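Heads up, the thing below is written out as structure tokens.
Chain naming here is simple, since letters A, B, ... match the order of the sequence lines and numbering starts at 1 in each. This one's a predicted model, so the numbers in the text were calculated from it and none came from an experiment.
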There are 2 protein chains.
Amino acid sequence: MVSIKDIAKKAGVSISTVSYALNGSSKVTDETSSRILAIAQELNYIPNAAARTLKKRESKIIGVFLTDFKGEVYGDLLDGMKEVANTQGYDLIVCSGKQSHRMLPERMIDGAIILDQAFESEELLEYADRNHKIVVLDRELDHKNINQVLLDNKAGATLAMEYLIERGHQKMYIVTGPPGSFDSMQRMKAVKQALDRVDHIEWIEIEGDFKKSGGEKAAKQIIADYKDPVAVFCLNDEMAIGLCNQITENSSLVIGEQIHLIGFDNIELTRYMQPRLATIDYSKRKWGALAAEQLIKLIAGDTVENERIYVTLVEGESVGYAVK
Amino acid sequence: MVSIKDIAKKAGVSISTVSYALNGSSKVTDETSSRILAIAQELNYIPNAAARTLKKRESKIIGVFLTDFKGEVYGDLLDGMKEVANTQGYDLIVCSGKQSHRMLPERMIDGAIILDQAFESEELLEYADRNHKIVVLDRELDHKNINQVLLDNKAGATLAMEYLIERGHQKMYIVTGPPGSFDSMQRMKAVKQALDRVDHIEWIEIEGDFKKSGGEKAAKQIIADYKDPVAVFCLNDEMAIGLCNQITENSSLVIGEQIHLIGFDNIELTRYMQPRLATIDYSKRKWGALAAEQLIKLIAGDTVENERIYVTLVEGESVGYAVK
DNA sequence: TTGTATGCGTTATCAA
DNA sequence: TTGATAACGCATACAA
């Protein structure tokens, strides 16, 4: 491996001069500088990241931690993060699973963005105590080294409920996320508030898992119980899709007629469903961009306010009017 | 930051003893070892990755390079890689974009898996010349430090073509990937061979891009040209989906009746299409696992053979029989 | 403007 | 069994 030492030797200068030249310092003559650069080029010199990181105590890399690589939500989110990170001189790496957690405490990365329920808050707080910088997208956490960028779940769930209520539905199923999910709990809270504001709505909560399988399971229950048309609010789109398939395949019920369905997330898949799924939309790209932005500020030592991502309703034929 | 030096001081031993103890060497007494470990624990010691990497000249991290984070194919592929990597003591990080290329030459990672057409072969060969280990999933490259794990594109395209031919289709459109794509070229080659084996089939090639937009564009042309029922082979599913939507929305033609459509990849989305898209399937998880396996062997200095991932046909109502 | 020297946190060689 | 010391490749304070 060729190091600055080799360049120094070949150029007949000291390693510090080489280091200065390589880093574009004005302390060194243009002449020697260009000579050094030429030699570096010739020797095919490439700096060693570990050495630089060790010395500078920063890697210029930020890590994103996801539950898995399958999620439908992630594409735009990550693109948004990458765009901001790159323009600010950071590289973005995506990690998943417990093993990769070490990246943060071991200082392989300068900061972390968390979207992984399986990453314990306790663990995050430990890292924050060690002065590591973190942005969380999936929980509330109060610490000077942690910032939150959260969805406006309350507004979203409220929009969805009002959409169903306005259309006259009197019986509803709510399919939740997995027990510990922050998003699920926040959405559910808003759901209950919306229901509290109106009378005479019968509603049933079904525990889901934010995955297709949860929607399928819920569908079975709904089919078994079915008497009259009902509305269903799946607290995310993936479950809505699972539910939709199950109903279409295993019953004669029709989405948008007997089953009025709304989801949450507006994932790409929903655009290709028949009928179009009503859902709650938000800019995933912006969410990611903002998260990266906040993290970089945190790393720079700036103080940052927690941010919120706004949501809108996407109408769809999956929800029709209740017939009297 | 607490380092082994701090532990040594507190334990009244030398740093080398600490290092040995921490790494579970048998050179040190169980007694001093456990004392050291206790102190390390107490001090909340965490090793520094950069220092270790610098010294050991390995990071125990492998990097995957993708074109973007949106691809539908990636979920299982990455899971397969991660599983193998983790069990072999490696961490997996996912990168995208030109900026992140530096990870490999700068030795931040021990090896790379490439699935990104935008990553120039020339650049890869340079890295390989510098003794970096690489596995490519999207091209053929002959170098002792590069291994290939490729899809059996030829078999897949042949299966698809035979499926259409068997069903009596006499006019076909082939929607290709972007010009430089290795997969597209290989599939196209097999398509032509299949067509050469039969007579009287009229066929038209449409240049696509492996994205939904390419399918939509192709659809417009097909709609404009339409006279009699035709078969369409989209060289990947994403384009098939784009095409399907365009046709459904902007014509009265029906997939599976006037337009007989087959794709390639069997991405998850296809399962939710109406009608079910015929396509070519392969185990993405296995593909990823094998790629990681090969890379780790390469890093270990073992010699490895190039591997191939087998494919199968998935039938679907998107392809019907030609009516005479 | 350039060189000398030191240290970042480890691992590993060699002596003790 | 343990310790002193060098080295990994780089950045930088200070001296020249």
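Spacing between atom CE of B:M1 and atom C1' of C:dT10 amounts to 12 Å, rounded to whole angstrom units. Separating the CG atom of A:D6 from the P atom of D:dG9 is a distance of 8 Å, rounded to the nearest angstrom. Between the NZ atom of B:K56 and the P atom of D:dA6 there is a distance of 22 Å, given to the nearest Å. Separating the CD atom of A:E58 from the P atom of C:dG9 is a distance of 14 Å, rounded to the nearest angstrom. Rounded to whole angstrom, the span from the CG atom of B:L54 across to the P atom of D:dC10 amounts to 9 Å. At whole-Å resolution of the value, CG in A:L22 and C1' in D:dA11 are 11 Å apart. Straight-line distance from the NZ atom of B:K27 to the C1' atom of C:dA15: 12 Å, rounded to whole Å. In this structure, the CG atom of A:N48 is 13 Å from the C1' atom of C:dT10, given to the nearest Å.
For B:T53, no side-chain nitrogen or oxygen approaches OP1 or OP2 of D:dC8 to under 4.0 Å. Between D:dC8 and B:R107, no contact under 4.0 Å exists linking OP1 or OP2 to a side-chain N or O. B:K5 has a side-chain polar atom (N or O) that falls below the 4.0 Å cut-off from OP1 or OP2 of C:dC8.
Panel note: side chain A:S25, backbone A:A21; no donor-acceptor pair is recorded below 3.5 Å. In terms of modelled atom types and a separation under 3.5 Å, the side chain of B:T29 and the main chain of B:T32 share no donor-acceptor contact.
Counting heavy atoms of neighbouring residues, nucleotides and ligands inside a 6.0 Å radius, atom CG of A:D302 exceeds 12 of them.
For the pair A:K55 and A:S16, both in contact range of DNA chain C, the more 5′-proximal nearest nucleotide belongs to A:S16. Residues A:I15 and B:V13 each lie close to DNA chain D; by heavy-atom proximity, the contact nearer the 5' end of the strand is made by B:V13. Along DNA chain D, the nucleotide closest to B:S26 and the one closest to A:R52 are compared, and the more 5′ of them pairs with B:S26.
When each of C:dT10, D:dG3, D:dC8 is scored by its nearest atom to the side-chain atoms of B:T17, the top-ranked nucleotide is D:dG3. Here C:dG3 is the nucleotide among C:dC8, C:dG3, D:dC8 with the atom lying nearest to any side-chain atom of A:S14. Comparing C:dT11, C:dG9, D:dT12 by their nearest atom to the side chain of B:N23 picks out C:dT11. Taking only side-chain atoms of A:S3, from C-beta outward, the nucleotide of C:dG3, D:dG9, C:dG9 with the closest atom is D:dG9.
Contact annotation for B:S19: base contact, defined as any heavy-atom pair under 4.0 Å involving a base atom. Among the protein residues, B:T32 comes within range of the sugar-phosphate backbone only, with heavy atoms under 4.0 Å from sugar or phosphate atoms but none that close to a base. At a threshold of 4.0 angstrom between heavy atoms, the contacts of B:I46 are confined to the sugar-phosphate backbone, with no base atom among them.
Counting distance only, with no hydrogens placed and no angle test, the side-chain atoms of B:Y20 and the base atoms of C:dT13 include a donor-acceptor pair under 3.5 Å.
Using a 4.5 Å heavy-atom threshold, the side chains of A:D129 and A:N145 count as separate.
The ring-ring contact (aromatic ring centres under 6.0 Å, His included) contacts involving residues 14-51 of chain A comprise nothing, where partners must be two or more places apart or lie in separate chains.
Relative to the ring axis of A:Y282, A:K286 does not place its NZ or CZ within 45° and under 6.0 Å from the centre.
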